[in-house]
Amino acid sequence: ALRSHKGWEKQWDSPEPRAAYDVVIVGAGGHGLATAYYLAKEHGVTNIAVLDKGWLGGGNTGRNTTIIRSNYLYDESAALYDHAVKLWDGLSQDLNYNVMYSARGVMMLAHNVHDEQVFKRHIHANRLNGVDNEWLSPAEAKAYCPPLNIASSARYPVVGAALQRRGGTARHDAVAWGYARAAAARGVHIIQNCAVTGIRRSADGAVEGVETTRGFIGAKKVGVVAAGNTTPIMEMAGLRMPLESFPLQALVSEPVKPVFPCVVMSNTVHAYISQSDKGELVIGAGTDQYTSYSQTGGLHILSHTLEAICEMFPIFSRMKMMRSWGGIVDVTPDRSPILAKTPVRGLYVNCGWGTGGFKATPGSGHVFAHTIARDEPHKINAAYTLERFRTGRLIDEAAAAAVAH
Ligand code: FAD
Ligand code: PYC
């Protein structure tokens, strides 16, 4: 069938790298590409290269389960994640690219008293921050998502659920492609198959550029946006990061007709599920327990997740799974990201999104572009510093991360 696919318009150029740029972004995932796009669009900086060791969108951006929500606990988080949700709303129009954002609602299941107390605390905190979130009884949860098993005899009984109606999903590849096309149209160079192997610093310690598999590329400013690979890249500049990198796995089923109207997450049993527009059930697990850079993971994690899915949604017990994969997520001690300047002049870092950065892509790129262009944080990312792990001003979102670590 693919033989008939001819005459596709080129979406972006693949230029030879220049000798030097004003800004080099390391990592052509959603966050790196969004950063370049907003640097060009909002700050007039267009002499930018976005470098990737592989193909653009081939990291966690192309591997995630696309859940979007902003129901985090703390004020700093509500500001950052809701900034992103607001940008998602108009993103297809802004990029002139259909990112298939669908606010179909994200429902988080409570299975015990502890879950119920935690979710209700989040609901109250969210509402105080103007973020929608509401408590549903088991019957209301089933009305919202009919395949859900709410029988009191269920192995994982549902005692209620927290619903964010503005939450939902978007098409992950389209997000990367949309930002790439829009950034390239404003003059940004996207250079794939170009791994960064070193960060060169001048005698006074400032950044001078990056060593790559395609030679040295000079840069006044370097933004590292490399998710699970942040630690080795920052080591190239002599910085030790408060990060651990773990595999996180997901899988999809054979496609079926529309059967699942929303997103459902259960942190307690390590499973979450939605249905893509192609009809596949998109299912994800908790992280593997060991650190690794292998982009694969243990089969027992997926088996456990599928057992949980079948307990909560018995209707799916005979579905066939088509494929599974893993990504490497960069986890901070407080499960919140780092979006900041670094002690090295001209070096900026956007990382630590762990299991939950897809939802933040537009907001993250937007405030990181501001940080690089102005050499100071936007007020929304002012708290997301590296120093907080020394001073203790943490933003502890372990519960809202909603994926078992
Ligand atoms: P990436 O997309 O990983 O981009 C980083 C890029 O850096 C990569 O393309 C990589 O090739 C490149 N790179 C690395 N090293 C180098 C180097 N030396 N030189 C040049 N380039 C380099 N988040 C949610 O909000 N909702 C979800 O439902 C969700 N589900 C997930 C499910 C799974 C299975 C996984 C793995 C993650 C999930 N996440 C989710 C997390 C989310 O995917 C990430 O937080 C987010 O996509 C990170 O985007 P990024 O652009 O920072 O990183
Ligand atoms: O952050 O919502 C999330 C998420 C869901 C699955 C993985 N991460």
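Counting from 1, the numbers follow the sequence of the chain as shown. We use all heavy atoms of the structure for the numbers below, so side chains are in, but hydrogens, waters and symmetry mates are not.
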Does some side-chain heavy atom of [Y] sit less than 4.5 Å from a side-chain heavy atom of [X]?
X: Ile273; Y: Phe313; result: yes
X: Ile67; Y: Met265; result: yes
X: Val113; Y: Val159; result: no
X: Asp330; Y: Thr231; result: no

Please name the pair of heavy atoms, one in [X] and one in [Y], separated by the smallest distance, quoted to 0.1 Å.
X: Glu76; Y: Ile395; answer: CB-CD1, 4.2 Å
X: Pro157; Y: His111; answer: O-ND1, 3.1 Å
X: Pro337; Y: Leu80; answer: CG-CD2, 4.0 Å
X: Ala271; Y: Thr305; answer: CB-CG2, 3.9 Å
X: Pro333; Y: Phe389; answer: CD-CE2, 3.6 Å
X: Ala40; Y: Thr46; answer: CB-CG2, 4.0 Å

Can you tell me if [X] uses its side chain to pair, donor with acceptor, with the backbone of [Y] under 3.5 Å?
X: Asn112; Y: His114; answer: yes
X: Asp288; Y: Tyr290; answer: no
X: Thr371; Y: Val367; answer: yes
X: Asp82; Y: Ala78; answer: no
X: Thr197; Y: Glu211; answer: yes
X: Lys341; Y: Asp375; answer: yes
X: Asp132; Y: Arg166; answer: yes
X: Lys221; Y: Ile372; answer: yes
X: Glu397; Y: Leu73; answer: yes
X: Thr61; Y: Gly30; answer: yes

Quiz item: What residues, two or more places apart in sequence or in another chain, satisfy ring-ring contact (aromatic ring centres under 6.0 Å, His included) together with His122?
Solution: none
Practice problem: Taking ring-ring contact (aromatic ring centres under 6.0 Å, His included) as the test, write out the residues that go with His189, two or more places apart. | Solution: Tyr21
Exercise. Report yes or no: is the cationic atom of Arg200 (NZ for Lys, CZ for Arg) under 6.0 Å from the centre of the six-membered ring of Phe216, at an angle within 45° of the ring normal?
Key: yes
Look at the rings of [X] and [Y] and say which category their plane angle falls in: under 30° parallel, 30 to 60° tilted, over 60° perpendicular.
X: His31; Y: Trp353; value: tilted
X: Tyr101; Y: Trp88; value: parallel
X: Tyr81; Y: Tyr72; value: parallel

Quiz prompt | side chain to side chain contact (heavy atoms under 4.5 Å, CB included) partner of Tyr179, the single match among Thr35, Val99, Leu91, Val188 | solution = Leu91
Quiz item: Checking side-chain contact (heavy atoms from CB on, under 4.5 Å) for the pair Val349/Met241: CA distance, chi angles, key distance, verdict?
Solution: CA-CA 10 Å; Val349 70; Met241 297 299 288; 4.1 Å; yes
Self-check item: Electrostatic pair Lys220-Glu208, nearest N-O below 4.0 angstrom
Solution: no
Practice problem: Go through His370 and Asn381 one step at a time and tell me if the side-chain contact (heavy atoms from CB on, under 4.5 Å) criterion holds. | Solution: CA-CA 10 Å; His370 177 111; Asn381 66 310; 5.7 Å; no
Exercise. With sequence neighbours excluded, give me every salt bridge (charged side-chain N to carboxylate O under 4.0 Å, His left out) pair touching residues 94-104.
Key: Lys41-Asp94, Arg104-Asp277
Practice problem: Test side-chain contact (heavy atoms from CB on, under 4.5 Å) on Thr291 and Ser245 and set out the steps. | Solution: CA-CA 5 Å; Thr291 53; Ser245 290; 5.7 Å; no
Quiz item: Which of these, Arg127, Lys120, Arg165, sits in a salt bridge (charged side-chain N to carboxylate O under 4.0 Å, His left out) with Glu134?
Solution: Arg165
Quiz item: Counting only heavy atoms not in Arg121, do more than 12 fall under 6.0 Å of its CZ?
Solution: no
Quiz item: Is the CZ atom of Arg214 crowded by more than 12 outside heavy atoms at less than 6.0 Å?
Solution: yes
Practice problem: May I ask you to check whether Tyr384 and Phe368 place their ring centres under 6.0 Å from each other? | Solution: no
